[in-house]
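Both counts, for ligands and for their atoms, begin at 1 and track the order of listing.
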Amino acid sequence: MTGRPEPIYKRVLVKVSGEALMGPDAFGLHQPTVDRIAADIAATHSLGVEVAVVVGGGNIFRGVQVSSQGVDRATGDYMGMLATVMNGLALSAAITRQGTQARVLSALDMPAVCETYTRPRALAHLDRGRVVVFAAGTGNPFFTTDTAAALRAVETGCEALLKATQVDGIYSADPKKDPTATRFDRLTHDDVLHRDLKVMDAAAFALARENALPVIVFSIHEPGSISAVVRGEGRATTVAS
Ligand code: UDP
């Protein structure tokens, strides 16, 4: 007995943005930060929780950046998806170094690099106690890794989508710009829509709402925040129907 609450979820999906992996740097991967996040994922897994992860790519590349520079949007988005594969490989390697088995599953076929995503394969890895890292987003341009996170969470029967962000929850206004902004502990999916709060892009949020998928927003900067959230602890906003 540790005296800490038991996990409240059996299977979760954690969305880690590319920006989170950048740490204090302006670009790319900050290894100590990658290792800290990997350690938290491994600690969450060691609580007996099955963990799937969707990684972003914004620390390396975003499709919209180049669409204004002569590269068409779809090509730029494929470049963005490749960036998420690099992040996925880095995160998976870091999780493995923690002594927890991890597999990268890419929505784009690249067999020399990692396994291709199929739902049965993902479920088999989760059943065998491996952390699965979903890379290449949805595999389609014009989407985001937030949409991939909602999609994979629903597809693989995750009980909650844990969205790691730069702040510790959803606020009534941007807390960096408005000192009167207040943080919500709990909201419904409809509250988010009616108050026009920014949680995820519209496609991602619609998928979560339609499938009554709880979305928990918390800060990636807080060490141990993922394992705290799965125990129902820590500062976070829970969006649930
Ligand atoms: N992307 C895409 N389809 C997807 C997911 C991602 O085209 O299903 C591309 C898109 O160009 C995006 C980039 O990959 O800008 C990186 O993903 P995202 O911006 O969601 O990463 P994050 O903001 O989480 O770091």
Ligand 1 atoms nearer than 4.0 angstrom to some heavy atom of Thr138 are 4 (C), 8 (O)

Practice problem: Given salt bridge (charged side-chain N to carboxylate O under 4.0 Å, His left out), test Asp35 with Arg97 step by step and report yes or no. | Solution: CA-CA 9 Å; Asp35 288 339; Arg97 279 198 300 278; 2.9 Å; yes

For atom 11 (O) of ligand 1, the closest protein heavy atom turns out to be Asp77 OD1, 2.6 Å

of all protein heavy atoms, closest to atom 14 (O) of ligand 1 is Gly80 C, 3.2 Å

Review point. Is a salt bridge present between Arg73 and Asp77, judged by a nitrogen-to-oxygen distance below 4.0 Å?
Key: yes

- request: Say whether Gly57, considering both its backbone and side-chain N or O atoms, lies within less than 3.5 Å of an N or O atom on ligand 1.
  value: yes

To the nearest 0.5 Å, atom OG1 of Thr165 lies from atom NZ of Lys15 at 10.0 Å

Closest to atom 15 (O) of ligand 1 among protein heavy atoms sits Gly63 N, 3.3 Å

Among Lys15, Glu19, Arg62, the residue with a heavy atom nearest to atom 23 (O) of ligand 1 is Arg62

The closest protein heavy-atom partner of atom 5 (C) of ligand 1 is Thr144 C, 3.4 Å

Quick note on ligand 1: atoms under 4.0 Å from a heavy atom of Gly58 include exactly 21 (O), 22 (P), 25 (O)

Distance-only, no hydrogens or angles: does the Gln65 side chain make a donor-acceptor pair with backbone N or O of Phe61 under 3.5 Å?
no

All heavy atoms of Val85 vs all of Ala135, minimum pair found to be CA-CB, 3.8 Å

Any salt bridge linking Lys198 with Asp196? Criterion: basic side-chain nitrogen under 4.0 Å from a carboxylate oxygen.
yes

- Item | Distance-only donor-acceptor check, side chains His189 and Arg209, under 3.5 Å | no

Taken to the nearest 0.5 Å, the spacing of Asp190 CG from Arg195 CZ works out to 12.0 Å

Worksheet item: Do His125 and Glu115 have side-chain atoms, one donor and one acceptor, less than 3.5 Å apart?
Response: yes

One finds that the ligand 1 atoms under 4.0 Å from a non-hydrogen atom of Gly18 are 22 (P), 24 (O), 25 (O)

- Could you tell me if any non-hydrogen atom of Ala83 lies under 4.0 Å from any atom of ligand 1? no

(request) State whether a side-chain donor-acceptor pair under 3.5 Å links Thr84 with Asn87. (result) no

Ligand 1 to Phe61, heavy atom cutoff 4.0 Å, flagged ligand atoms 13 (C), 16 (C)

When distances are taken from atom 18 (P) of ligand 1, the protein heavy atom at minimum range is Thr145 OG1, 3.4 Å

Note: ligand 1 atoms sitting under 4.0 Å from heavy atoms of Pro141 are 7 (O)

Between Thr100 and Ala42 the two heavy atoms that sit nearest each other are OG1-CB, 3.4 Å

Exercise. Please determine if Phe143 has a nitrogen or oxygen closer than 3.5 Å to a nitrogen or oxygen of ligand 1.
Key: yes

Atoms of ligand 1 under 4.0 Å from any heavy atom of Asn140, numbered from 1 in the order shown, are 2 (C), 3 (N), 4 (C), 7 (O), 8 (O)

Atoms of ligand 1 under 4.0 Å from any heavy atom of Gly56, numbered from 1 in the order shown, are 21 (O), 22 (P), 24 (O), 25 (O)

The atoms of ligand 1 lying under 4.0 Å from a heavy atom of Ser17, numbered in the order shown, are 24 (O), 25 (O)

